[in-house]
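Notes for the one structure printed next.
None of these values were measured; they are calculated from a predicted model. Chain letters run A, B, ... following the sequence lines, proteins first and then strands; every chain starts at 1.
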Amino acid sequence: MVSARQVNPWYRENRRDLPWRRPGFPAWGTLVSEFMLQQTQVSRVLPRLEEWLRRWPTPADLAATPPGEAVRAWDRLGYPRRALALHSAAVAIAEQHDGKVPADVDALLALPGIGQYTARAIAVFAYGLRHPVVDTNVRRVIARAVEGQGLAGPAATARDLAAMDALLPAENDEAAVFNAGMMELGAIVCTARNPKCDACPLADVCRWRALGYPAYAGPRAPRQQRYVGSDREARGRILAVLRGSEVPVSEEALVEAVTEPDRRSRILEGLLKDGLAALTDDGYALP
DNA sequence: TAGACGTGGCT
DNA sequence: TAGCCAAGTCT
């Protein structure tokens, strides 16, 4: 049986020293880090996070700057709409929550860019509340150790949350450690490829191991489109030009970034629609 | 609910 | 090295 009895001591002994795990780290810092960590590796987040929190130490600080500055400071973290959502969340927190990051999951879910994972991560890691937190790491650990499957397959949020809830210790602090521990286990031991079962605190109870590591035969998440040569890549090049300019950029100045006129206008259209760019009298600019 | 949405690390 | 994968969210 997978339980905090194995996971929590392992976590306390083996956890990485990360900024958001330091005592006294503010809830706002947890929120910013969770936005940045969505689909993005820890190593890439670390430098950006430090810079953001130095520049915008509170939600009100970020809310007081133009959203374009958030997009610029997001740099090359990827999924730049997260920068926009984070800025909007800061505005909502400043205006509707007296500048304080809410602890309530439903209040967090109402903020832009915050879904089931991020809302619970903030409530649990910033405020010590008792909720199941399920990310891709937790899903994989449960799939293997509990269900005996090699991989987790496509997410099924309600089912995944229920599965984690069933394992959660009763006491708040232990539940928070268990959540962090399951994530950490998936991140550094029970990895997607080459899991380090010799170093796993769940080895004795792991169903996948007991079954002899059967190959995963269930449904796979749909494969991502090829990035090289895609509109997404071209969109990134255009946004990079806008980020690099303090003044509006004419469409002619974007020809080098995207040569084909049809594709260029399609991408520009999309950036305007998403609010990542604004059209001024002098050309395109960050919002 | 399947597909769109960035960018880089790793094998 | 081409392809998988990454502390997801939104529509």
Side-chain angles (χ1 to χ4, degrees), chain A residues 11 15-16 18-21 29-49 71 74-86 88-89 108-126 131-142 150-161 164 176 179-188 190-195 216 219-240 242-243 257 266-267 269-271 273-276:
Chain A
Y11 176 72
R15 62 184 217 154
R16 291 168 292 176
L18 297 170
W20 45 89
R21 292 175 177 168
T30 300
L31 186 150
V32 174
S33 72
E34 291 299 347
F35 266 84
M36 292 184 168
L37 286 162
Q38 290 168 6
Q39 295 280 281
T40 308
Q41 301 92 327
V42 169
S43 60
R44 295 175 58 206
V45 164
L46 260 16
R48 288 282 79 73
L49 177 68
V71 175
W74 196 253
D75 197 30
R76 301 184 63 80
L77 267 184
Y79 293 129
R81 56 180 53 177
R82 289 183 292 168
L84 228 39
L86 177 48
S88 298
L108 287 161
L109 282 171
L111 297 172
I114 294 188
Q116 295 293 350
Y117 163 75
T118 303
R120 288 175 168 75
I122 293 168
V124 171
F125 301 136
H131 299 284
V133 180
V134 176
D135 74 336
T136 187
N137 293 302
V138 172
R139 295 201 315 110
R140 185 173 52 252
V141 172
I142 291 178
L151 290 174
T157 307
R159 195 155 49 71
D160 296 339
L161 284 172
M164 185 61 173
N179 276 308
M182 289 285 277
M183 289 177 66
E184 190 74 343
L185 204 47
I188 67 181
C190 193
T191 47
R193 283 170 293 188
N194 305 325
Y216 179 71
R220 304 292 299 258
R223 259 184 49 198
Q224 264 206 0
Q225 297 282 132
R226 179 185 186 80
Y227 180 64
V228 177
S230 68
D231 273 12
R232 291 167 84 168
E233 185 189 41
R235 179 171 146 126
R237 283 199 302 275
I238 295 224
L239 199 56
L242 300 188
R243 273 200 313 265
R266 180 169 71 237
I267 287 166
E269 201 63 32
L271 286 171
K273 175 174 168 293
D274 291 344
L276 283 165

>> Both Arg220(A) and Gln38(A) contact DNA chain C. Which one's nearest nucleotide lies toward the 5' end?
In response: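 Closer to the 5' end of DNA chain C: Arg220(A).
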> Quick one: on DNA chain C, does Leu37(A) or Leu111(A) contact a more 5' nucleotide (nearest heavy atom)?
Replying inline: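 Going by which nucleotide is closer to the 5' end, it is Leu37(A).
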Describe the nucleic acid contact of [X] in one word from base, sugar-phosphate, nothing, applying a heavy-atom distance below 4.0 Å.
X: Trp74(A); answer: nothing
X: Arg223(A); answer: sugar-phosphate
X: Arg237(A); answer: nothing
X: Leu239(A); answer: nothing
X: Gly115(A); answer: sugar-phosphate
X: Thr40(A); answer: base
X: Arg21(A); answer: base
X: Arg76(A); answer: sugar-phosphate
X: Gln116(A); answer: sugar-phosphate

>> Ignoring hydrogens and geometry beyond distance, is the side chain of Arg232(A) in donor-acceptor contact with the base of dT7(B) at under 3.5 Å?
In response: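 No, no donor-acceptor pair under 3.5 Å.
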>> So which atom in Trp20(A) and which in Ser33(A) form the shortest heavy-atom distance, rounded to 0.1 Å?
In response: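 Scanning both residues, the minimum pair turns out to be CE3-CB, 3.8 Å.
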> Between which nucleotides of DNA chain C, read 5' to 3', does contact with chain A run, using atoms under 4.0 Å from its heavy atoms?
Replying inline: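 Range of nucleotides within reach of chain A: dG3(C) to dC10(C).
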> Can a side chain N or O of Arg235(A) be found less than 4.0 Å away from OP1 or OP2 on dG6(B)?
Replying inline: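 True: Arg235(A) side-chain N/O within range (under 4.0 Å) of dG6(B) OP1/OP2.
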> More 5' along DNA chain B: Asn194(A) or Arg81(A), using each one's nearest nucleotide?
Replying inline: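 Result: Arg81(A).
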> Expressed as a whole number of Å, how far does the C1' atom of dC10(C) sit from that of dT1(B)?
Replying inline: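 The answer is 12 Å between these two C1' atoms.
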